[in-house]
**Student:** 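For reference, the structure I am asking about is given below.
Proteins come first, then strands; the chains are lettered A, B, ... in the order of their sequence lines, and each starts at number 1.
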2 protein chains.
Amino acid sequence: MRHGEGGLRERKKLQTRAALADAALRLALEKGPDQVTVEEIAEAADVSVRTFFNYFPHKEYAILARNPEHLERALERMRTAPAEESPLTTMWFIVNDVLRDLESDGQLSRRGELIMSSPSLLYQLMLSSLDDERQLTAALAERMGEPAGSVRPALIVSTAGAACRVVMELHKSAPDRPIRDLLDEAFHLLAQGIDAAFGPDHQKKGTS
Amino acid sequence: MRHGEGGLRERKKLQTRAALADAALRLALEKGPDQVTVEEIAEAADVSVRTFFNYFPHKEYAILARNPEHLERALERMRTAPAEESPLTTMWFIVNDVLRDLESDGQLSRRGELIMSSPSLLYQLMLSSLDDERQLTAALAERMGEPAGSVRPALIVSTAGAACRVVMELHKSAPDRPIRDLLDEAFHLLAQGIDAAFGPDHQKKGTS
DNA sequence: GGACAAACTTGCACCCACTGCAAACAATTA
DNA sequence: TAATTGTTTGCAGTGGGTGCAAGTTTGTCC
């Protein structure tokens with residue numbers, strides 16, 4: 001009577017979820033992510049609109065179909081990295097992992113193009129990334145032995161994310177350099193400092 | 001027959017816009033930004049819902065009521081800063097200007113609290129900030145004499161923004177240090193480098 | 001000052017993302 | 001096999017937002 005992994009119910013749920021995600025991505029690529037409707041996606045996956053929302057809280061989530069393994073892998077990488085590996089180096093590996101989905105042969109993948117072309121997709125990605133960011137920051141602070149509200153871990157995680165985003169935008173505007181070249185340059189700048197001449201304190205005192 | 005500044009039409013438009021923005025902020029603070037409806041805001045400002053959308057493309061825009069002068073001041077600062085002032089120092093002054101709205105006596109202002117408490121407000125702010133960011137990046141690249149698609153100007157602007165956001169989040173979670181202290185620490189880290197030991201190249205070669 | 005044009009407001013119908021509720025249906029358990 | 005549990009679905013509704021056209025207000029010209 002009992003089935004192997006999870007039973008018929010569980011298997012059907014996974015199938016439905018996959019069907020919705022597939023349909024969403026396909027139709028978003030065909031029609032544009034802001035043009036395709038939830039009704040079209042649900043119909044293509046052979047479920048009702050109401051059921052769609054049992055699976056995904058927002059239309060964009062179905063299109064993005066973020067793989068929860070990404071965050072898991074990132075947190076795992078954070079925990080198991082060699083002790084001598086510096087924090088930003090770990091973030092570099094994590095970001096490169098994320099880029100697998102967004103880049104292909106130095107160019108934006110179709111999925112990457114899709115995300116960079118739609119404010120609502122970018123929104124949902126950025127919002128959910130904020131949550132990931134908080135978890136990564138907590139894991140990094142723990143690894144660095146710093147208290148939870150420290151500036152440096154939060155800054156490393158958030159600026160690594162900002163660098164990734166900026167690099168993709170730069171590449172979209174002017175695709176003459178591979179994305180990974182741009183990313184390496186950005187990470188090296190972050191590592192060594194983006195402005196050795198920074199100095200509002202001295203200047204401020206001079207003017208007051 | 002002619003009136004002074006802009007005529008009756010222009011004056012009424014400004015008044016309506018201000019009334020909508022005032023009502024939006026007041027009601028958002030009273031009821032919560034995600035709870036207040038456009039109908040309530042329009043009614044409080046004595047106009048129709050349809051008219052509301054003649055003024056603001058999204059509900060959040062009315063609540064945020066971003067002052068276009070902020071970007072103008074920032075771009076002006078970028079153009080007129082002393083030649084010897086470094087790029088990140090300029091961004092520091094710009095971010096401190098923005099913080100006037102979000103912080104008061106080292107604590108988050110009510111407006112700052114509002115923004116940090118609502119994903120949809122944060123979204124609209126982040127999205128519109130992306131547009132500002134692009135303009136600031138272009139202005140900074142020009143000032144630095146770098147081509148439009150360069151990594152460093154984009155990185156300076158985007159990481160300054162990320163630092164501002166992160167600092168506010170850190171403060172919200174643990175309000176024991178003034179916001180400006182946190183911000184100064186973040187900017188100094190960015191300036192001098194967040195990770196001197198960064199080195200995936202060396203490590204990568206060692207493992208391959 | 002009246003006629004006319006331009007600009008703005010408003011009402012209306014509609015679209016679409018999303019939610020709560022309960023009946024119907026399918027899978028699982030006793 | 002009947003009872004229980006979990007899932008789907010239909011339905012009504014909310015609220016943000018859009019296009020269109022009629023009504024109203026302001027500005028211009030004679």
**Student:** Are the charged groups of R110(A) and E113(A) less than 4.0 angstrom apart, N to O?
**Tutor:** no
**Student:** Tell me the interatomic distance from I63(A), atom CD1, to dC16(C), atom P, rounded to whole angstroms.
**Tutor:** 15 Å
**Student:** To the nearest Å, how far apart are K12(A) NZ and dA27(C) C1'?
**Tutor:** 9 Å
**Student:** K59(A) has a side chain; which of dC18(C), dT9(C), dT25(D) sits nearest to it?
**Tutor:**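 Per side-chain heavy atoms of K59(A), the pick is dC18(C).
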**Student:** Using a 4.0 Å heavy-atom cut-off across all strands, classify V47(B) as base, sugar-phosphate, or nothing.
**Tutor:**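 It contacts sugar-phosphate atoms only.
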**Student:** Is there, by distance only and without an angle test, a donor paired with an acceptor across the side chain of R9(B) and the base of dA6(C) below 3.5 Å?
**Tutor:** yes
**Student:** Looking only at side-chain atoms of R50(A), point me to the closest of dA17(C), dT10(C), dG10(D).
**Tutor:** dG10(D)
**Student:** Quickly work out the H58(B) NE2 to dA17(C) P distance and round it to whole Å.
**Tutor:** 15 Å
**Student:** Surrounding CD of E146(A) (heavy atoms of other residues, nucleotides or ligands, distance under 6.0 Å), is the total greater than 12?
**Tutor:**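 Counting other residues, nucleotides and ligands, CD of E146(A) exceeds 12 neighbours.
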**Student:** Flag yes if more than 12 heavy atoms outside Q135(B) fall under 6.0 Å of its CD atom; otherwise flag no.
**Tutor:**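 Atom CD in Q135(B) is crowded, with more than 12 foreign heavy atoms closer than 6.0 Å.
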**Student:** I want to verify a distance call: between dG27(D), dA27(C), dT10(C), whose nearest atom is closest to the L8(B) side chain?
**Tutor:**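 Of dG27(D), dA27(C), dT10(C), dG27(D) is nearest to the side chain of L8(B).
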**Student:** Would you kindly give the CZ-to-P distance between F53(B) and dC8(C), to the nearest whole Å?
**Tutor:** 19 Å
**Student:** Where is the tightest heavy-atom contact between R17(B) and F56(B), given as atom of each residue plus distance?
**Tutor:** NH2-CE2, 3.6 Å
**Student:** Between Y55(B) and dT9(C), is there a side-chain N or O to OP1/OP2 distance below 4.0 Å?
**Tutor:** yes
**Student:** Just compare dG15(D), dT10(C), dC8(C) and give me whichever is closest to any side-chain atom of T51(B).
**Tutor:**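 My answer, after comparing the listed nucleotides, is dT10(C).
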**Student:** Has D181(A) got more than 12 heavy atoms of other residues, nucleotides or ligands less than 6.0 Å from its CG?
**Tutor:**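 Yes.
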**Student:** Are E76(B) and R79(B) close enough for a salt bridge, meaning some N to O gap below 4.0 Å?
**Tutor:** yes
**Student:** To the nearest 10 degrees, what angle separates the axes at the start and end of the helix from dG1(C)-dC30(D) to dA30(C)-dT1(D), five pairs each?
**Tutor:**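 About 10°, once rounded to a multiple of 10°.
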**Student:** Please determine if R77(B) and E85(B) form a salt bridge, counting it only when a charged side-chain N lies under 4.0 Å from a carboxylate O.
**Tutor:**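 Salt bridge flag = yes for E85(B) with R77(B).
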**Student:** Return the nearest nucleotide to the side chain of T16(B); candidates are dT9(C), dC12(C), dT8(D).
**Tutor:** dT9(C)
**Student:** Between dT26(D) atom C1' and K13(B) atom NZ, what is the distance in whole Å?
**Tutor:** 13 Å
**Student:** F56(A) has an atom CZ; how far is it from atom C1' of dT7(D), in whole Å?
**Tutor:**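 In whole Å, dT7(D) C1' and F56(A) CZ are 16 Å from each other.
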**Student:** To the nearest Å, give me how far apart CG (N54(B)) and P (dG16(D)) are.
**Tutor:** 16 Å
**Student:** In whole angstroms, how far is the P atom of dG6(D) from the CZ atom of R17(A)?
**Tutor:**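 One finds 19 Å between P of dG6(D) and CZ of R17(A), rounded.
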